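Down below is the structure, laid out as structure tokens.
Here is the naming used below: chain letters follow the sequence lines, and residue numbers restart at 1 for every chain. Bear in mind the structure is a predicted one, so any value in this text is a computation, not a measurement.
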2 protein chains.
Amino acid sequence: MFIFYNDVYVMNRKEIQEQRMKDYFIQATKEILKGEGIQALSVRSIAEKAGYSFATLYNYFKDVKELIFLCVKDFQQECQEYVEDKTKDLQRGEKKIIATAISYAEYFVQYPSVFEIFFIEKLPNSTENAKISELISSFLEKLCQEEFQYCIDKKSFTDEEIREIVKELNCLITGILLLYLNRNYPSDYGDFAKNLKSQIEKTMKK
Amino acid sequence: MFIFYNDVYVMNRKEIQEQRMKDYFIQATKEILKGEGIQALSVRSIAEKAGYSFATLYNYFKDVKELIFLCVKDFQQECQEYVEDKTKDLQRGEKKIIATAISYAEYFVQYPSVFEIFFIEKLPNSTENAKISELISSFLEKLCQEEFQYCIDKKSFTDEEIREIVKELNCLITGILLLYLNRNYPSDYGDFAKNLKSQIEKTMKK
DNA sequence: TTCAAAATATGAACAATGTTCATATTTTAT
DNA sequence: ATAAAATATGAACATTGTTCATATTTTGAA
């Protein structure tokens with residue numbers, strides 16, 4: 001169909017350029033989400049920040065949802081770095097798990113629009129999106145995995161206990177965040193933080 | 001300013017008529033939310049179902065959000081009836097609290113758009129909306145209040161324990177629902193129901 | 001270097017959204 | 001019956017995501 005000097009080379013060049021273009025749009029999307037927030041996010045605002053027309057966006061993404069959810073991995077990376085920095089000096093095991101869970105929640109309080117993308121924004125049904133959902137739902141577990149394994153090895157928890165705890169922590173923190181960010185419950189940040197900590201600690205105590 | 005035959009009578013008539021009009025729109029909104037769902041909800045679809053022009057809606061509500069959140073009380077009433085019917089024959093106390101919490105969650109699984117209105121749809125900041133947030137955030141507590149009091153009287157729980165449990169149940173169930181409804185986690189309804197039950201039971205065991 | 005073809009970027013246009021407003025219609029009270 | 005007040009309404013607007021024909025740029029061979 002196409003004639004190339006060197007198939008592989010040309011393909012790579014094309015892909016590199018295409019990825020670069022995608023990255024401009026992804027970067028713009030992330031900046032808007034972290035800055036002005038999701039209510040300022042639109043096809044046109046993204047394209048403007050990226051330095052292209054809104055129509056150009058559609059040459060690289062099938063729709064704006066695809067673009068938005070391509071940010072998930074980057075935000076997870078950033079969140080992971082935030083959490084690791086906050087917990088790096090703590091003693092291993094239970095203490096570190098608690099601190100990890102708290103930092104994880106703090107990240108979303110800092111970037112409510114990232115919480116929206118992760119948990120609220122609707123994902124159209126597709127096998128690709130099922131993977132993204134999975135990535136999001138199991139993210140806290142991933143953050144804690146190493147410490148959980150440490151606890152299992154140390155026999156302070158059984159494998160089964162850990163499985164239950166991580167599920168509960170995940171649901172609990174998601175709910176605490178949703179109520180705080182969307183329903184102003186509790187209305188005071190201090191109360192929120194206190195409640196977050198005490199509920200996480202209680203979950204770990206079984 | 002205005003001249004009336006009988007001040008009180010005329011005011012009442014006007015108010016009755018106005019409330020009737022509001023109810024037509026509220027009823028239409030509830031029907032769409034429970035039927036086609038929130039993605040089918042628009043100013044125009046509401047007005048069509050109510051039998052009026054979309055512009056008429058703005059003579060009775062300052063915006064569509066006001067109308068949407070006026071449905072909250074009705075949905076809470078309906079949810080309460082659903083829960084009471086599901087739990088009416090159960091023995092009082094802990095068992096009934098657990099069943100109440102499960103039924104509460106089931107109601108939202110049955111009507112995901114009601115969950116959206118309750119927990120996801122953004123409320124513009126106002127003192128009126130703060131009350132609605134409060135109503136939503138404390139709804140599960142209200143549903144369980146009688147049984148909690150029964151437990152306290154029976155001395156199976158202290159006042160302080162109950163306060164902590166209700167807060168935890170509320171956050172936990174909100175999170176379980178959000179992950180299931182929005183992130184398909186877990187993907188199987190049976191797993192969801194099992195997880196819901198086991199986490200509620202664990203929360204009650206302290 | 002030149003030029004045709006392929007690739008890419010873009011604005012016009014569309015449908016759907018919430019909202020406002022001037023005006024048409026209906027209701028009210030005398 | 002009629003003037004005035006109340007109410008209902010469609011036209012219009014701004015904003016949204018998306019599509020598409022076309023303008024522009026890039027590419028590769030002569």
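For B:I68 and C:dG18, the CD1 to C1' distance is 11 Å, given to the nearest whole Å. We find that CZ of B:R44 is positioned 7 Å from C1' of C:dT17, with the value rounded to whole Å. Remark: C1' of D:dT16 and CD of A:E48 are 15 Å apart, rounded to the nearest angstrom. Rounded to an integer number of Å, the gap from NZ of B:K22 to P of D:dA8 is 13 Å. The CG-C1' distance, from B:L57 to C:dT17, rounds to 14 Å in whole Å. Atom C1' of nucleotide C:dT10 and atom CZ of A:F25 are separated by 11 Å, given to the nearest angstrom. The nearest whole Å value for the distance from the CD atom in B:Q39 to the P atom in C:dG18 is 13 Å. Between B:N59 atom CG and C:dT19 atom C1' there is a gap of 12 Å when expressed in whole angstrom units.
Listed nucleotides: D:dG10, D:dA8, D:dG17. Nearest to the side chain of B:M21: D:dA8. Comparing D:dT27, D:dT7, D:dT9 against the side chain of A:Q17 picks out D:dT27 as the nearest.
For the pair A:E78 and A:K34, the salt-bridge criterion is met [side-chain N within less than 4.0 Å of a carboxylate O]. A salt bridge links A:E160 with A:R163; the closest basic N to acidic carboxylate O contact falls under 4.0 Å. Taking the charged nitrogens against the carboxylate oxygens, B:K205 and B:E201 have no contact shorter than 4.0 Å, which rules out a salt bridge. A salt bridge does not link B:K96 to B:E146: none of the charged nitrogens lies less than 4.0 Å from a carboxylate oxygen.
Distances shorter than 4.0 Å separate some side-chain N or O of A:S53 from OP1 or OP2 on C:dG11. Dashed line: the shortest gap from a side-chain N or O of B:Y60 to OP1 or OP2 of D:dA8 is under 4.0 Å.
If you find the closest nucleotide of DNA chain D to B:F54 and to A:V64, the one lying nearer the 5' end belongs to B:F54.
Among the heavy atoms of the strands, none lies under 4.0 Å from B:F61. Within the 4.0 angstrom heavy-atom criterion, only backbone atoms of the sugar-phosphate kind lie near A:S42; the bases stay farther away. Within 4.0 Å of A:Y52, counting heavy atoms only, lie sugar-phosphate atoms of the nucleic acid but no base atom. A:V43 comes within contact range of at least one nucleobase, with a heavy-atom separation under 4.0 Å.
Between B:F61 and B:F25, the ring-plane angle classifies as perpendicular under the 30° and 60° cut-offs.
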